[in-house]
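This report refers to the structure that appears directly beneath it.
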There are 2 protein chains.
Amino acid sequence: MNIGEAANQAGLPVKTVRYYSDIGLVLPSHRSTSGYRNYDSTSVKKLIFVKRARSFDFSIEDCRELLDLYQDKNRTSSNVRRIAKEHLVQIQRKESELKNLRLELNHLVKACAGDDRPDCPIIDYFS
Amino acid sequence: MNIGEAANQAGLPVKTVRYYSDIGLVLPSHRSTSGYRNYDSTSVKKLIFVKRARSFDFSIEDCRELLDLYQDKNRTSSNVRRIAKEHLVQIQRKESELKNLRLELNHLVKACAGDDRPDCPIIDYFS
DNA sequence: CTTGACCTTCCACTTGATGGAGAGATTATA
DNA sequence: TATAATCTCTCCATCAAGTGGAAGGTCAAG
């Protein structure tokens with residue numbers, strides 16, 4: 001199938017599929033004589049795999065590694081687990097940072113009258 | 001003072017201060033005859049202000065707006081509050097997305113044996 | 001034969017910086 | 001005073017992960 005149909009089946013924009021092809025993440029199974037990218041069901045499955053992994057915020061490089069393992073019949077689940085676990089740590093770190101941010105900002109917003117006067121604890125805090 | 005000293009006082013890399021100057025976010029108070037950026041205490045305060053706001057993940061454009069309000073004696077705290085509140089909503093949304101991600105990924109990692117065998121619920125889930 | 005949908009490559013833009021090259025300015029030391 | 005070290009300047013490239021658009025080739029239907 002052509003890129004449009006493949007993108008459709010994977011639920012990705014055509015541009016993104018072409019981008020994944022450009023960076024060698026998911027290559028089309030072959031090219032037509034006129035240069036059209038052609039995707040078979042295997043390559044579409046890879047696109048879907050990448051889409052899922054990306055929705056988990058895995059980086060493109062992580063996806064590349066996971067995709068290798070996905071295709072590797074000799075893989076060990078410990079390898080996959082390692083990548084996922086490292087990623088989990090990143091997510092947890094980010095989440096707690098965001099939480100601190102939210103608490104502090106919430107505090108500031110609550111302290112701010114939000115009226116016509118120029119007095120503002122938010123501005124004061126930043127100054 | 002020169003850019004190095006200003007950057008130092010603001011706790012920002014010189015490159016960043018120059019970048020803020022380039023995009024017109026915090027301009028140096030003037031330039032020396034030889035073209036050196038010169039920062040007075042007011043412009044350094046603005047740098048510090050931006051640094052704080054950025055540490056709260058406010059975008060550069062938000063910072064620009066907050067900086068305008070910071071300098072505006074006729075500002076109303078409601079304007080500042082609006083920006084901060086919108087930002088708070090973004091942070092909360094991001095935080096809950098991250099939480100969902102963490103829970104699901106944690107689930108997957110826990111379900112994965114992480115041993116020598118190729119069977120892996122993480123890979124299965126993505127496939 | 002032409003229209004329209006789809007495909008191609010290439011280039012620019014996004015955010016918020018950061019790194020480096022090459023050159024000029026200033027300051028410290030010998 | 002010479003020179004070396006440090007600072008600063010501008011300009012260009014790069015990062016992630018695409019997205020948007022231009023200019024042009026391809027294909028099927030009417």
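Residue numbers begin at 1 in each chain, while the letters A, B, ... track the order of the sequences.
- Regarding A:His30, its NE2 atom lies at a distance of 12 Å from the P atom of C:dT8, rounded to whole Å.
- The interatomic distance linking A:Leu47 (CG) with D:dG18 (P) rounds to 12 Å, in whole Å.
- For the pair B:Arg18 and D:dT8, the criterion of a side-chain N or O lying under 4.0 Å from OP1 or OP2 is not met.
- Mapping B:Ser34 and B:Ser59 onto DNA chain C via the closest heavy atom, the residue that lands nearer the 5' end is B:Ser59.
- Atom pair B:Asn38:CG and C:dT26:P shows a separation of 12 Å (rounding to whole Å applied).
- Residue contacts for B:Ser32: at a heavy-atom cut-off of 4.0 Å it reaches no nucleic acid atom on any strand shown.
- In this structure a side-chain-to-backbone donor-acceptor pair under 3.5 Å is present from A:Arg52 to B:Tyr125.
- Residue B:Thr16 places at least one side-chain N or O under 4.0 Å from the OP1 or OP2 atom of C:dT18.
- Atom CD1 in B:Ile23 sits about 10 Å away from atom P in C:dT15, given to the nearest Å.
- Nearest-nucleotide positions on DNA chain D place B:Val14 closer to the 5' end than the other of B:Val14 and A:Glu61.
- Among the protein residues, A:Tyr20 comes within range of the sugar-phosphate backbone only, with heavy atoms under 4.0 Å from sugar or phosphate atoms but none that close to a base.
- Within a 6.0 Å sphere centred on CZ of B:Arg117, heavy atoms belonging to other residues, nucleotides or ligands number 12 at most.
- For B:Lys15 and C:dG16, a side-chain-to-base donor-acceptor distance below 3.5 Å is absent, hydrogens and geometry of angles not being considered.
- Atom P of nucleotide D:dC27 and atom CE of A:Met1 are separated by 18 Å, given to the nearest angstrom.
- Side-chain contact between B:Met1 and B:Asn8 is absent, with no heavy-atom pair separated by less than 4.5 Å.
- With rounding to whole Å, B:Asn8 atom CG is found 15 Å from D:dT6 atom C1'.
- The nearest whole Å value for the distance from the CG atom in B:Asp62 to the P atom in C:dT15 is 12 Å.
- Counting any heavy atom pair closer than 4.0 Å across all strands shown, A:Ile3 reaches sugar-phosphate atoms only and no base atom.
- At a cut-off of 3.5 angstrom, counting only N and O atoms as typed in the model, there is a donor on one side and an acceptor on the other between the side-chain of B:Tyr36 and the base of D:dC7.
- No more than 12 heavy atoms of other residues, nucleotides or ligands shown are found within 6.0 angstrom of CG on B:Asp116.
- Between D:dC7 and B:Arg37, no contact under 4.0 Å exists linking OP1 or OP2 to a side-chain N or O.
- Side-chain N/O atoms of A:Gln9 and A:Glu5 include a donor and acceptor closer than 3.5 Å.
- Ring-plane geometry between A:Tyr70 and A:Phe49 is classed as parallel, the angle between the planes falling under 30 degrees on a 0 to 90 degree scale with a further cut at 60.
- Taking a cutoff of 4.0 Å between a charged side-chain nitrogen and a carboxylate oxygen, B:Lys99 and B:Glu95 do not qualify as a salt bridge.
- Here the nucleotide nearest the side chain of A:Ile60, chosen from D:dT26, D:dG18, C:dT18, is D:dG18.
- The phosphate of D:dT26 (OP1 or OP2) has no side-chain N or O of A:Arg31 nearer than 4.0 angstrom.
- Summary for the helix from C:dC1-D:dG30 to C:dA30-D:dT1: the axes at its two ends, each from 5 pairs, differ by 30° when rounded to the nearest 10 degrees.
- If you measure from atom CZ of B:Phe58 to atom P of C:dG16, you get 13 Å, rounded to the nearest angstrom.
- Taking B:Arg64 as the reference, B:Ile23, B:Leu25, B:Ile60, B:Glu61 meet the side chain to side chain contact (heavy atoms under 4.5 Å, CB included) condition, with sequence neighbours excluded.
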